[in-house]
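Here's the structure we're looking at; comments come further down.
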There are 4 protein chains.
Amino acid sequence: MGGGRTRRMPRAERERQMLDAAVEIIARHGYTAASMDEIAELAGVSKPLVYLYLNSKDDLFTACIRREAAALTEAVRAAVRPNLPADRQLWDGVQAFFTYTAEHPDGWTVLHLQARTHGPRFAAEADAMRAEMTAFVTRLIATAALESPHSRDLSTREIEGLAAALIGAVESLADWTNTTPTATAAQASATLMNFAWSGLGNLMSGNRWAPPGAASAARP
Amino acid sequence: MGGGRTRRMPRAERERQMLDAAVEIIARHGYTAASMDEIAELAGVSKPLVYLYLNSKDDLFTACIRREAAALTEAVRAAVRPNLPADRQLWDGVQAFFTYTAEHPDGWTVLHLQARTHGPRFAAEADAMRAEMTAFVTRLIATAALESPHSRDLSTREIEGLAAALIGAVESLADWTNTTPTATAAQASATLMNFAWSGLGNLMSGNRWAPPGAASAARP
Amino acid sequence: MGGGRTRRMPRAERERQMLDAAVEIIARHGYTAASMDEIAELAGVSKPLVYLYLNSKDDLFTACIRREAAALTEAVRAAVRPNLPADRQLWDGVQAFFTYTAEHPDGWTVLHLQARTHGPRFAAEADAMRAEMTAFVTRLIATAALESPHSRDLSTREIEGLAAALIGAVESLADWTNTTPTATAAQASATLMNFAWSGLGNLMSGNRWAPPGAASAARP
Amino acid sequence: MGGGRTRRMPRAERERQMLDAAVEIIARHGYTAASMDEIAELAGVSKPLVYLYLNSKDDLFTACIRREAAALTEAVRAAVRPNLPADRQLWDGVQAFFTYTAEHPDGWTVLHLQARTHGPRFAAEADAMRAEMTAFVTRLIATAALESPHSRDLSTREIEGLAAALIGAVESLADWTNTTPTATAAQASATLMNFAWSGLGNLMSGNRWAPPGAASAARP
DNA sequence: GATGAATGAGATTTCATTCAT
DNA sequence: AATGAATGAAATCTCATTCAT
């Protein structure tokens, strides 16, 4: 049982396998309910080896959160080009976000739910990523506000709130995409842009936000 | 230890105390990390009494979720008057929501985080409430869409997505309000309405959503 | 739940109900697994009343054993007439025994199994009854031996052993009767007499013990 | 407390020690009253190790029953030679039986009392062994009956009853031997054979069953 | 005579973690 | 580099038993 003697393997690869297993198990059962036994078994190694490499259950969880946060952040960063207009940056960013979370649902669960639910030490790790995302969005809004003569009056506090709302909308749509079988990352992106950029009031008046690839401009 | 002999008490009141204690402890440490010992001690009773009344840790948690969900739902329902226009209903609803969650941060944590993180049985309980909220918002959007000749083309699927985004924005702002010391429920409500109803794009152009009490109309 | 206020009742009758309930529950689940809650509920009274009447779980069990032992002993004693020949006394006794145990299977279980399995204090209670039975059988064998010129050489020790064997055969047949759907007390009695009085060797030679009601020859 | 650090040991041996301890404790205090703490301590290991190897208290008990049943059955089987006459087979079998139970009184208690008293799951395990013994005895009686022209008329049902009686006599004598300080397995065997093969009636007439080693035949 | 409210003590079981090899 | 053997500590849950009314 368990597959006999395990093949020798460079440390980095072994560690990756362990983190993969941990992310999967933690996403499925929750951090506290996940047992080191299960994780070691899924990783195909013995428990002492997990301790040798990752030190403790807490450290293992922290490593998972950091790895997943870095990967998601990187995916978004790679997709955004800072020279383009704010709405285009947002569009590119959320599309990358939805694509990544759809392809890595366990990682997303770990970041979005597990990391925030098991004490401040882990929540802080997840908040670091959330703060980065919020900073990105805040910068976007602030930049756009600067260029828009009518709206200098957006206070910092207000921008912060708007950013929080936007991030929340994105997160919720990521969950929605992962839960709704037929929903795609592209649809989620379009919905998000219409919601965030145009607002429900405008949608009611027939004014949609125009996706970047659209032929004619929706905004002069 | 623990304050001597406990006073006799009718069952209903004792049960309430236990749920209060459970919500507080679970919000603080997370469901799995919360121990029945702690909960009983905070409730001022012995562990066996908790089991006698609530049956098991799982049932206790379920009872917490149900009670908190019912209370929050009720607070929102009581604040909304179905005859008023959609944006007014939304305004009233979110204000009640933010007020309630600000006054019951532990309950909100239990509903928003803990209930969704510890297995499908509890997630289902929380989803029931979320579905109710989503249904309310969906109805609002659909109604507004019907009255708005330009926007019949909103598909059901799209409305669903918009509702998810809106709920996510609300949840995120509730967290933000609870985390940001100086933020108030009223501010959060205003931000939400501007974000959701006007959209960022409009804000940039100086078009804000007008709060209901405002003297002159912001929308002709 | 439980039927509301219970009717007042003379103490003796209440106590009987409690013992009835205890015997049934203990036979079903075993002494240690039987809970005072269950017993009180089946008796239709509250737990404190059980304690008021029977004092403790141990005392309750002891009372059960004594009552059941007395009843079984009495049933056998009433059936045996000391003037008749030994085999006739045995026949009458075992028939009463099998009849009683078939009609009170729970009581038999309590005596035969439960009382002997939960520590010396209870085993002693059950042994008292077993000793009485053994004494009866021993007396029977000794008497018969005295009248039988060829067999004075049966030592006391040997008679003791024979009595133990006979009692064991009776007990086993009682179980067999209770377990085998179509078996009757009469059949068990006949089998026992053939086995014990004639012996297997004689049965092989066609010599059966003749039941008392049989006219003349054992089997034409 | 408990004798310091325990020596490392191959799994099989440790498991045997645990079963030894469990049988002893269970025989002494009864299954339900036996605590895993006690068993682990007597086995000289920590409680978790008991769970690691035997899985649960129920499984541990089952393992005890199976091991003891197998050992007793094996002891009897090894002593019986199927070519010899029926009474000789019986003599050899019961002597092995009494010898074994006298040397393993705890195992006998577990099989005879504990296994039958704590619910059907365990009773079934013990019944399996009892059924094997009964089958052996039944076969013996049936064989003897076939060879004995006078006694073909023994019905299957009757043989079953006789087997039950015989088994009960054996069990009771095993108890008697273990309880009576000066009683030996050989005496018990002789008593059993006289009782079962000759019957009390014959004993009264001076006809004894002749033990196999006896010089001349007791049966013409 | 009878009970609802309450608890001290102890049961089984699980888990993160370490040693010796 | 890797693991089988082992444990301290703590979790959930149950039970016999008693007050106060």
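Note that this is a predicted model, so its numbers are computed, not measured. Keep in mind that the numbers below use all heavy atoms, side chains included, and drop hydrogens, waters and symmetry copies. In what follows, every chain begins at residue 1, and chains take the letters A, B, ... in the order their sequences are listed.
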Nucleotide nearest D:Val45 when distance is taken to its side chain, options F:dT7, E:dC19, E:dA9: F:dT7
Grab the CZ-C1' distance between C:Arg14 and E:dA2 for me, whole Å please. 9 Å
Looking only at F:dT12, E:dT3, E:dT12, the nucleotide nearest the C:Ser46 side chain is E:dT3
The answer to which of B:Tyr31 and D:Pro10 contacts DNA chain F further toward the 5' end, by nearest nucleotide, is D:Pro10
Given the structure, check if the side chain of D:Lys47 and the base of E:dT13 hold any donor-acceptor pair shorter than 3.5 Å. yes
How would you label the contact of C:Ala33 with the nucleic acid (heavy atoms, under 4.0 Å): base, sugar-phosphate, or nothing? nothing
Should A:Arg67 and A:Asp20 count as side-chain neighbours, where that means a heavy-atom distance under 4.5 Å? yes
Identify the nucleotide, in any strand shown, that forms a Watson-Crick or G-U wobble pair with E:dA2, with both distances under 3.5 Å; if there is none, say none. F:dT21
Rounded to the Å, how far apart are C:Met18 CE and E:dT3 P? 9 Å
Under a 4.0 Å threshold between the charged nitrogen and the carboxylate oxygen, would C:Arg130 count as salt-bridged to D:Asp175? no
Among F:dT17, F:dA5, E:dT7, find the nucleotide with the atom closest to the side chain of D:Arg11. F:dA5
How close do C:Arg28 and C:Glu24 get, counting heavy atoms only, and between which atoms? NH2-OE2, 2.6 Å
Watson-Crick or G-U wobble partner for E:dG10, using a 3.5 Å limit on both distances? F:dC13
B:Tyr51 side chain near F:dC15 phosphate (N/O to OP1/OP2, under 4.0 Å): no
Options F:dT12, F:dG8, E:dT17, nucleotide nearest the side-chain atoms of A:Ser56: E:dT17
Could you tell me the separation between the CZ atom of B:Phe61 and the P atom of F:dC13, rounded to a whole number of Å? 14 Å
Tell me: CD of D:Glu13 to C1' of F:dG4, nearest whole Å? 16 Å
Euclidean distance, atom CG of residue C:Leu52 to atom C1' of F:dT21 [Å, nearest integer]: 15 Å
Rounded to whole Å, please give me the gap between CG in D:Asp58 and P in E:dT12. 11 Å
Using whole Å, report how far CD1 of D:Ile39 lies from P of E:dT13. 11 Å
Expressed as a whole number of angstroms, how long is the span from A:Asp37:CG to E:dT18:P? 15 Å
Between A:Thr32 and B:Leu49, who's closer to the 5' end of DNA chain E by nearest nucleotide? B:Leu49
C:Arg66, CZ: over 12 other non-hydrogen atoms inside 6.0 angstrom: no
Contact class for B:Ala40 vs. all strands (heavy atom < 4.0 Å): base, sugar-phosphate, or nothing? nothing
Passes side chain to side chain donor-acceptor pair (under 3.5 Å), B:Tyr51 versus B:Asp59? Steps please. CA-CA 9 Å; B:Tyr51 279 91; B:Asp59 284 3; over 6 Å; no
Whichever of B:Pro48 and A:Lys57 has the more 5' nearest nucleotide on DNA chain E, that residue is B:Pro48
For atom CD of A:Glu41, is the number of surrounding heavy atoms from other residues, nucleotides or ligands below 6.0 Å larger than 12? no
